[in-house]
Amino acid sequence: MQSSSISRQTKLSLLKVFIENKSLRFGKSIHAQLIKAPTFDLIQTNHLINLYSKCGHPGVARKVFDSMPERNVVSGSALMAGYLHNGMPSQALHLIKEMSFEENFEHMNEYVFATALASCSEMRALEQGLQCHAYVLKSGLVFHSHVRNALLHMYFESLSMEDALRVYESVPGFDVFALNSMINGFVGSGRLSDAIDLVSGMSKEVELWDHVTYVAVLGLCAASKDLRLGWQIHDQILRRGIQFNVFVGSGIVDMYGKCGDIESARRAFVELSVKNVVSWTAVMAAFAQNGLFEEALKLFLEMGIYGVQPNEFTYAVLLNSCAGLSALKIGDAFNAHAEKSGYKAHMVVGNALINMYSKSGSIEDARNAFGDMRQRDIISWNSIITGYSHHGLGGEALEAFHDMLTKGEVPTYVTFVGVLLACGNLGLVDDGLYYLKIFMKDLGIQPGVEHYTCMVRLLCRAGQLDKAENFMTYTCTEWDIVAWRTLLSACQVHKYYNLGKRVAEHILQLYPDDVGTYILVSNMHAKANRWDEVVKIRKLMRGRDIKKEPGVSWIQVRGETHVFASEDKKHPFMSQIHDKVSELLSQIKLIGYVPNIDCVLHDIEDEQKEEYLGYHSEKLAIAFGLISTPSGAPIHVMKNLRMCDDCHTAVKLISLVTSRKVIIRDANRFHCFDSGLCSCDDYW
DNA sequence: GTAGGGTTAG
């Protein structure tokens, strides 16, 4: 490029284009010409600072800045923005201090403070943010909408919605940026009804809403699972002819997914004219959130066919789908995949790995995934704490909880579910009550039915069933079937037959079709030799036409899932499997196994019942695992129902005679059988 | 000439 032939104006226009397109190479050639020029040009040099800032070279921008014989406020604010957008917000704040010392600077303007406040947000530097707030109030810069919005944002980041609200209300008039920020602020801090009030208050200005407003409002519908509002907004977007960009499109898919309308999510996705990794991930997430994990995994293959590359969120969705399926081996494969493509270091992926390994029964791998993380957030801690608890490792869970407090992390609603479960594993009644009544209260967390159910379980485990019943009577909450079944199951374990009978009657009044309750109460009466009661229950079941949901277990061997149902004869290796079961049963009988025929609910002769027990699906799956994996390898089995007492006893002994770890995920929890013991301590 | 709000995870 010939320097002399290009006018100053042309150079400026070219620079603007190069900055916009981030064409560093061409921009540099203009820089070369400016260096050769006989006179210094402030505006052109400011453009250069902007060029290097936007192209990811704040260091070079700084060199240009330092070499200037004369600077103004634009030079400074351009460099500040460079620092901010290249991950150096503290340098931006450092620079504003330097600028305020230099006398030849004009007064600070709104650009400088918008950037300074944004830097404070990024650093969560509330102290310095407050100083900026004071200055912009005094100088009147707060009336500039960019400044005001940066202020709003700063208060969101420091979780101070009240201050944000004051800033928002201090300036009259409609500003779509401020509205969008406020909606997202309310949704982000869980104040959904405030968000809804704000949005309905702004419905008259609907013609001023833009894309971002719709994305924010769709997020509100998703967070509040308000499908009706979602429909209205979707309809309004269509009627107003809002162009579908990829943000709005993904927002619609996500909204339908989170509201549980998977068909609409799928349709909205198919109709998108432009799809990117975000829209693909959104629709995969929609499937996964609604329990359609295999569909989500299938979509990943389809996405690959279209040449779309996954990102960290895609891996998180995939891993969570594996968690839903307890697909340990596939999860392992995605772990390797994420590592190779460089996404493993992302926190969302680390969190999803903890979740996947923990839900697939491999708590050791979950522990390692947690240990490998460079950065952790509350989700990471909650995942590992609840993971330990579900695996019966109460001590580890409480240790992690205390670690977390030491690191300054603030526990949440979910944290305390894990903590109370851990107290349950360890039988720590007083600790549990302390966490529920004092710790949670101090943090302002209102306990929910999950916490109360943990308390019931804890009291039951400690054998204080009367207290548990009292607790349920006098605690004001919407008790669900899980809680009632917890109490009933304890009545069986602790032989509280009268209470058990009362509880069962109560449950069956509320849930007359709950098979689990029939099984539990019938087992309980059998244990007490109350055969008249057992017969009554069977009659009741027959009268109400209640059929036991068939027990199904499955196991993954070399990437394939093998499904077993009771009395299943379809598997190609069934005769070997039955031989193996018989072999195992005679082995464990030698060390004291007595078949527990009360676990068979069918109306058959007692002699047949023992044979029947051998066909329970988890026994078949374990036998298949034993004959098809190398000796010493742990066996992972999933089951759709709660494990029965007989299988539980048998598997403990099987783990002893075969020297194998057997990990079973049943409908309630994990059982890790090792050397004749189970991690649930026979309480589930 | 410099500045502000957005989609996918748990």
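A, B, ... follow the sequence lines: proteins, then strands. Residue 1 opens every chain.
- Ring-to-base geometry places A/Tyr111 in a stacked arrangement with B/dT2 (centre distance under 5.5 Å, plane angle under 30°).
- Note: NE2 (A/His133) to C1' (B/dG4) measures 15 Å, nearest angstrom.
- Of the inter-residue distances, the one linking A/Met108 atom CE with A/Leu141 atom CG reads 10.5 Å to the nearest 0.5 angstrom.
- Taking 3.5 Å as the limit, the base of B/dG10 and the side chain of A/Ser383 contain no donor-acceptor pair of atoms between them.
- Rounded to whole Å, atom P of B/dA9 lies 20 Å from atom CG of A/Asn335.
- Checked against the 6.0 Å centroid threshold, A/Tyr315 and A/His346 do not count as a close aromatic pair.
- Note on A/Asn320: a side-chain N or O is less than 4.0 Å away from OP1 or OP2 of B/dG10.
- Remark: C1' of B/dG4 and CG of A/Leu84 are 11 Å apart, rounded to the nearest angstrom.
- Here A/Asn355 lies out of heavy-atom contact (under 4.0 Å) with every strand.
- Each of B/dT7, B/dA3, B/dG4 was ranked by its minimum atom distance to the side chain of A/Asn149; first place goes to B/dG4.
- As judged by a 4.0 angstrom heavy-atom cut-off over every strand, A/Ser145 is placed among the base-contacting residues.
- Side-chain polar atoms of A/Asn335 and A/Tyr357 form a donor-acceptor pair below 3.5 angstrom.
- Between B/dA3 and A/Lys54, a contact under 4.0 Å exists linking OP1 or OP2 to a side-chain N or O.
- Residue ring and base: A/Phe313 does not count as stacked with B/dA9 (centre distance below 5.5 Å and interplanar angle below 30° not both satisfied).
- When the C1' atom of B/dG4 is taken as reference, atom CD of A/Glu157 falls 13 Å away, rounded to whole Å.
- One atom, CD of A/Glu312, and another, P of B/dT7, lie 14 Å apart when rounded to the nearest Å.
- The distance from atom CG of A/Asn245 to atom C1' of B/dG6 is 8 Å, rounded to the nearest whole Å.
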Please list every donor-acceptor pair under 3.5 Å in which a side-chain atom of residues 55-62 of chain A meets a protein atom from a residue at least two apart or in another chain.
| from | atom 1 | to | atom 2 | distance (Å) |
| --- | --- | --- | --- | --- |
| A/Arg62 | NE | A/Asp66 | OD1 | 3.3 |
| A/Arg62 | NE | A/Asp66 | OD2 | 3.4 |
| A/Arg62 | NH2 | A/Asp66 | OD1 | 3.4 |
| A/Arg62 | NH2 | A/Glu98 | OE1 | 3.1 |

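- Ranking B/dA9, B/dT8, B/dG4 by closeness to the A/Val278 side chain, first place goes to B/dT8.
- Between the CG atom of A/Leu353 and the C1' atom of B/dG10 there is a distance of 13 Å, given to the nearest Å.
- Aromatic ring centres of A/His390 and A/Phe670 lie farther apart than the 6.0 Å criterion allows.
- With sequence neighbours left out, A/Phe334 forms a side-chain contact (heavy atoms from CB on, under 4.5 Å) with A/Leu297, A/Phe300, A/Leu318, A/Leu319, A/Cys322, A/Ile330.
- Distance, A/Leu51 CG to B/dT2 P: 12 Å, rounded to whole Å.
- A heavy-atom distance below 4.0 Å to DNA chain B is reached by these residues of residues 373-381 of chain A, ordered by number: A/Asp377, A/Ile379.
- Of all nucleotides listed (B/dT2, B/dG4, B/dG5), B/dG4 comes nearest to the side chain of A/His85.
- Within 4.0 Å of A/Ala150, counting heavy atoms only, lies no atom of the nucleic acid at all.
- When heavy atoms are screened at a 4.0 angstrom cut-off, A/Ala285 is found touching the sugar-phosphate backbone but no base atom.
- One finds no side-chain N or O of A/Gln289 lying less than 4.0 angstrom from the OP1 or OP2 phosphate oxygen of B/dT8.
- Closest to the side chain of A/Ala316, from the set B/dG6, B/dG5, B/dA9, is B/dA9.
- Contact annotation for A/Asn50: backbone-only contact, meaning every heavy-atom pair under 4.0 Å involves sugar-phosphate atoms and none involves a base.
- Within residues 178-189 of chain A, the residues approached by DNA chain B to less than 4.0 Å at the level of any non-hydrogen atom are A/Asn180, A/Ser181, A/Asn184, in residue-number order.
- Aromatic ring centres of A/His144 and A/Phe113: separated by at least 6.0 Å.
- Listed nucleotides B/dG5, B/dT8, B/dT2 differ in distance to A/Ala81; the shortest reach to its side chain belongs to B/dT2.
- The side chain to side chain donor-acceptor pair (under 3.5 Å) contacts involving residues 293-306 of chain A comprise nothing, where partners must be two or more places apart or lie in separate chains.
- Interface remark: the A/Asp210 side chain does form a donor-acceptor pair with the B/dG5 base, using a distance-only criterion of under 3.5 Å.
- Among the atoms of the strands shown, base atoms are found under 4.0 Å from some heavy atom of A/Asp175.
- Between A/His153 and A/Phe156, the ring-plane angle classifies as perpendicular under the 30° and 60° cut-offs.
- Residues A/Phe370 and A/Trp381 place their aromatic rings such that the two centres sit under 6.0 Å apart.
- Annotation: side chain to side chain donor-acceptor pair (under 3.5 Å) contacts involving residues 165-179 of chain A, sequence neighbours excluded, comprise A/Asp163-A/Arg166.
- Closest contact between the side chain of A/Asp254 and the listed nucleotides B/dA9, B/dA3, B/dT2 involves B/dA9.
- Within the 4.0 Å cut-off from OP1 or OP2 of B/dA9, at least one side-chain nitrogen or oxygen of A/Lys258 is found.
- A/Asn355 places no side-chain N or O within donor-acceptor distance of the main-chain N or O of A/Ser383, the cut-off being under 3.5 Å.
- At a threshold of 4.0 angstrom between heavy atoms, the contacts of A/His211 include nucleobase atoms, whether or not backbone atoms are also involved.
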